[in-house]
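Side chains are part of it too, since the values below use all heavy atoms of this structure and drop only hydrogens, waters and symmetry mates. Quick caveat: nothing in here was measured; it's all calculated off a predicted structure.
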Amino acid sequence: MLMASFFFAIMGGFAKALTTSLPAIEIVFFRNVFGFIAILYMIYKTPLVQNGGKPLLLLFRGMMGFFALLAYFYIFEFIPLGEAMTYNKLSSLFVAFFAFIFFKEKLSPMAIFALFLGFFGVILFAKPFGGVFDSYDILGIFSGVGAALAYTSIRELRNYYETRSIVLSFMAVGTIMPMIFMLLAPYIDDKNMKIMFSEFVMPSNIDFVYILLMSLFATFSQFMMTKAYEISKAGIVSAVSYSGIFFSTVVGIVVFGDSMPDFITSVGIILIIVAGVMVTFEKK
């Protein structure tokens, strides 16, 4: 899991580097298109064996994963890499919250305390001016919320679909939707919609190198994470995954010259990590 977190931070570094020349929607496209093709080939070689029956929920999983990733990549251009990763790791807290809402799972007093602790950490971390979060904070929080909704939907989908189908729903939406948005971009003249409607930019030679490395490190990270969950307890593995915040912060400082988090921001990050670990172990 340490290796997975490190590789994921490296992947984020290449994605952040690409934001200087490519729009976020295009980076999401390249992040998914190779995996989309690979999974289609796997299904072609070994056909799916599943019951199906929840196509709308499958689409919902894909859409939430896509929009969460788009928000995550978009804020790379504007905030430090470690802060973007911290927002993304809020998904652990929101998974517990959504499990309570949608699956009526009970929350122990410890879990409830952890949720409040985590959300207080978000306030310290984001430091909303006048009680209002700025647009990058909102998008960062949404990246965690969207990821949590996608993860929560998997719990129901796994009763009806193979893992390959569930992953394909994310990869397919993450490939097709960016293509549609980029084709429509010339006809949408609204700066507020730039996050989605940006025209395709032909990558330079170095961009293609970054795209390849981003895809490779994303694949390595996914493989290591899956292996970690196979051979160890989920609670321990999930707790170790928070090392990704440290790795992303280091990559951001060393490679991109990001500033060190100040004291209040650091306290917020620590509270978010502690709350996430508490929820993880409480839910076993």
Side-chain angles (χ1 to χ4, degrees), residues 1-22 24 27 31 68-94 114-145 147 195 206 210 213-214 217-218 220-221 224-225 237-280:
M1 193 64 221
L2 280 171
M3 294 179 67
S5 298
F6 177 70
F7 288 149
F8 191 73
I10 298 297
M11 184 276 289
F14 284 116
K16 184 176 177 68
L18 286 168
T19 60
T20 61
S21 54
L22 303 179
I27 300 173
R31 165 64 179 81
L69 185 63
L70 176 59
Y72 183 54
F73 281 176
Y74 182 77
I75 60 177
F76 278 171
E77 186 178 354
F78 307 100
I79 69 174
L81 191 62
E83 293 186 16
M85 170 65 82
T86 303
Y87 279 126
N88 188 257
K89 294 303 291 184
L90 289 173
S91 59
S92 297
L93 298 178
F94 285 110
L115 290 177
F116 278 107
L117 185 68
F119 294 136
F120 179 65
V122 172
I123 293 174
L124 293 180
F125 174 67
K127 296 190 291 290
F129 181 75
V132 179
F133 291 100
D134 66 29
S135 58
Y136 306 128
D137 292 327
I138 293 172
L139 286 171
I141 293 171
F142 174 76
S143 73
V145 173
I195 183 175
I206 191 64
Y210 289 164
L213 291 172
M214 176 182 67
F217 278 102
F220 293 154
S221 175
M224 293 295 178
M225 180 180 67
V237 173
S238 185
V240 174
S241 73
Y242 280 91
S243 62
I245 295 176
F246 168 76
F247 290 132
S248 295
T249 300
V250 172
V251 170
I253 292 172
V254 174
V255 179
F256 300 101
D258 292 342
S259 59
M260 285 284 292
D262 59 31
F263 177 74
I264 295 179
T265 299
S266 298
V267 172
I269 292 174
I270 292 171
L271 290 181
I272 291 170
I273 293 173
V274 170
V277 172
M278 287 173 64
V279 166
T280 296

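- Note that the CD1 atom of Ile273 and the OG atom of Ser92 stand 11.0 Å from one another [nearest 0.5 Å].
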(message) Walk me through whether Val145 and Leu90 qualify under side-chain contact (heavy atoms from CB on, under 4.5 Å).
(response) CA-CA 7 Å; Val145 173; Leu90 289 173; over 6 Å; no

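- Listed by chain and residue number, Pro128 satisfy the side-chain contact (heavy atoms from CB on, under 4.5 Å) test with Ile123 (two or more places apart in sequence, or in another chain).
- In this structure, CD1 on Ile272 lies 7.5 Å from CG on Leu93, to the nearest 0.5 angstrom.
- The distance from the CG atom of Asp137 to the CZ atom of Phe125 is 7.5 Å, given to the nearest 0.5 Å.
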Tell me which donor-acceptor pairs under 3.5 Å the side chains of residues 11-20 have, and how far apart each pair is, sequence neighbours excluded?
unit_1, atom_1, unit_2, atom_2, d
Lys16, NZ, Phe76, O, 2.4
Lys16, NZ, Ile79, O, 3.2
Thr19, OG1, Lys16, O, 2.5
Thr20, OG1, Ala17, O, 2.8

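- Partners of Ser266 by side chain to side chain donor-acceptor pair (under 3.5 Å), not counting sequence neighbours: none found.
- Counting all heavy atoms, side chain and backbone alike, Ala275 lies closest to Ala114 at CB-O, 3.1 Å.
- In summary, the aromatic rings of Phe94 and Phe119 are positioned with their centroids under 6.0 Å apart.
- Here Tyr242 pairs with nothing under the ring-ring contact (aromatic ring centres under 6.0 Å, His included) rule; sequence neighbours left out.
- Residue Phe142 qualifies as enclosed at atom CZ: its count of foreign heavy atoms under 6.0 Å is above 12.
- One distance of note links CD1 of Ile141 with CD1 of Ile75; it measures 10.0 Å at 0.5 Å rounding.
- When the shell of 6.0 Å around CZ of Phe116 is examined, it contains 12 or fewer heavy atoms from other residues, nucleotides or ligands.
- In this structure, Met225 and Ala4 approach most closely via the heavy-atom pair N-CB, 3.6 Å.
- The side-chain contact (heavy atoms from CB on, under 4.5 Å) check on Leu2 picks up Val240, Ser243, Phe247, with sequence neighbours excluded.
- Phe7 meets the ring-ring contact (aromatic ring centres under 6.0 Å, His included) test with Phe217, Phe220; sequence neighbours excluded.
- Put simply, CD1 on Ile269 and OG1 on Thr86 are 4.0 Å apart, with the number rounded to the nearest 0.5 Å.
- In this structure, Ile195 CD1 and Leu139 CG are separated by 4.5 Å, a value rounded to the nearest 0.5 Å.
- Side-chain atoms of Ser143 come within 3.5 Å of backbone atoms of Gly140 as a donor-acceptor pair (strictly under, hydrogens ignored).
- For the pair Ser91 (side chain) and Gly144 (backbone), a donor-acceptor distance under 3.5 Å is absent.
- When the side-chain contact (heavy atoms from CB on, under 4.5 Å) test is applied to Ile264, the partners found at least two apart in sequence or on another chain are Leu124, Lys127, Asp262.
- Listed by first and then second residue, the salt bridge (Lys or Arg N to Asp or Glu O under 4.0 Å) pairs involving residues 237-260 amount to none (not counting sequence neighbours).
- Taking Phe78 as the reference, Tyr74, Tyr136 meet the ring-ring contact (aromatic ring centres under 6.0 Å, His included) condition, with sequence neighbours excluded.
- Taking the side-chain contact (heavy atoms from CB on, under 4.5 Å) definition, one finds that Val274 meets it with Leu117, Ile270, Met278, sequence neighbours left out.
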